[in-house]
Amino acid sequence: QVQLVESGGGLVQAGGSLRLSCAASGRNFKGNTMGWFRQAPGKDREFVAAITWTQYYADSVKGRFAVSRDNDKNTVFLQMNSLKPEDSAKYYCAVKPGYGGSYYQLKLYDYWGQGTQVTVSS
């Protein structure tokens, strides 16, 4: 059974950093797109970043966040720097088949983790 488990969330002051991890089990996702999404209370879940053989970012996080992956460990990371209060949300990792097609559409992702909470205080 496929399982994605996020970790690394927490409370941090504005300007601080956090590193999220997402460990996948049940199958290897080496040839799949790994994505990060977030959802704040009362808002829709939104794309944050994705990685294939290259990286993609939402404009709101470009230059501050960095997505990476370790295929041997079946893990994807999200390094978040210069955090802002508006980054506060529950962060989810997800997996999409292959490397092609849209990387920001939630509906294309087959597997999702349970999420990890990130809270940035001002």
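Here the structure is a predicted model, which means the values were calculated and not measured.
Aromatic pair F47/Y103: ring centres closer than 6.0 Å. In this structure, F37 has its ring center closer than 6.0 angstrom to the ring center of Y109. Note: Y99 and W53 meet the aromatic proximity criterion, with ring centroids under 6.0 Å apart.
The closest side-chain heavy-atom distance from S60 to R38 is below 4.5 Å. The shortest side-chain heavy-atom distance between T116 and S7 does not fall under the 4.5 Å cut-off. L106 places a side-chain heavy atom less than 4.5 Å from the side chain of W112. Put simply, the side chain of V95 reaches to within 4.5 Å of the side chain of L4, judged on heavy atoms. The shortest side-chain heavy-atom distance between F65 and L78 falls under the 4.5 Å cut-off.
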Point to revise | Verdict with supporting geometry, Y111 and K96, side chain to side chain contact (heavy atoms under 4.5 Å, CB included) | key: CA-CA 7 Å; Y111 302 105; K96 184 178 79 68; over 6 Å; no
Practice item. Report the C-alpha separation of V61 and M80 in whole Å, then their side-chain angles, then the decisive distance to 0.1 Å, and conclude whether the side chain to side chain contact (heavy atoms under 4.5 Å, CB included) test is met. Key: CA-CA 8 Å; V61 306; M80 305 186 296; over 6 Å; no
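Pairing each heavy atom of S102 with each of L108, the nearest pair is O-CD1, 3.6 Å. Contact detail for A50 and V67: the closest heavy-atom pair is O-CG1, 3.6 Å.
Here the OH-CD distance, from Y104 to E46, works out to 14.0 Å after rounding to the nearest 0.5 Å. A distance of 4.0 Å separates CD in E6 from SG in C93, rounded to the nearest 0.5 Å. Here E86 contributes atom CD and S122 contributes atom OG; the two are 10.0 Å apart, rounded to the nearest 0.5 Å. Distance check: M34 CE to D70 CG gives 11.0 Å after rounding to the nearest 0.5 Å. The CH2 atom of W36 lies 12.5 Å from the OH atom of Y57; values are rounded to the nearest 0.5 Å. Rounding to the nearest 0.5 angstrom, the gap separating the CD atom in Q117 from the CD atom in Q39 is 10.5 Å.
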Let me check something: any side-chain donor-acceptor pairs from residues 10-31 under 3.5 Å, sequence neighbours excluded? List them with distances.
unit_1: S17; atom_1: OG; unit_2: N81; atom_2: OD1; d: 2.9
unit_1: N28; atom_1: OD1; unit_2: K30; atom_2: N; d: 2.8
unit_1: N28; atom_1: ND2; unit_2: N71; atom_2: O; d: 3.4

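Not a single salt bridge (Lys or Arg N to Asp or Glu O under 4.0 Å) links K84 to another residue, sequence neighbours left out. Annotation: salt bridge (Lys or Arg N to Asp or Glu O under 4.0 Å) contacts of D59 (sequence neighbours excluded): K62.
Between the side chain of T119 and the main chain of S88, no donor-acceptor pair closer than 3.5 Å is present.
The number of heavy-atom neighbours closer than 6.0 Å to CD of Q114, taken from other residues, nucleotides and ligands shown, is 12 or below. Counting heavy-atom neighbours within 6.0 Å of Y56 OH, excluding the residue itself, gives a total above 12.
Hydrophobic clustering of Ile, Leu, Val, Met, Phe, Trp and Tyr side chains at less than 4.5 Å, counting indirect connections, unites V76 with V2.
Taking the ring centre of F77 as origin, the terminal cationic atom of R69 falls outside the region bounded by 6.0 Å and 45° from the ring axis.
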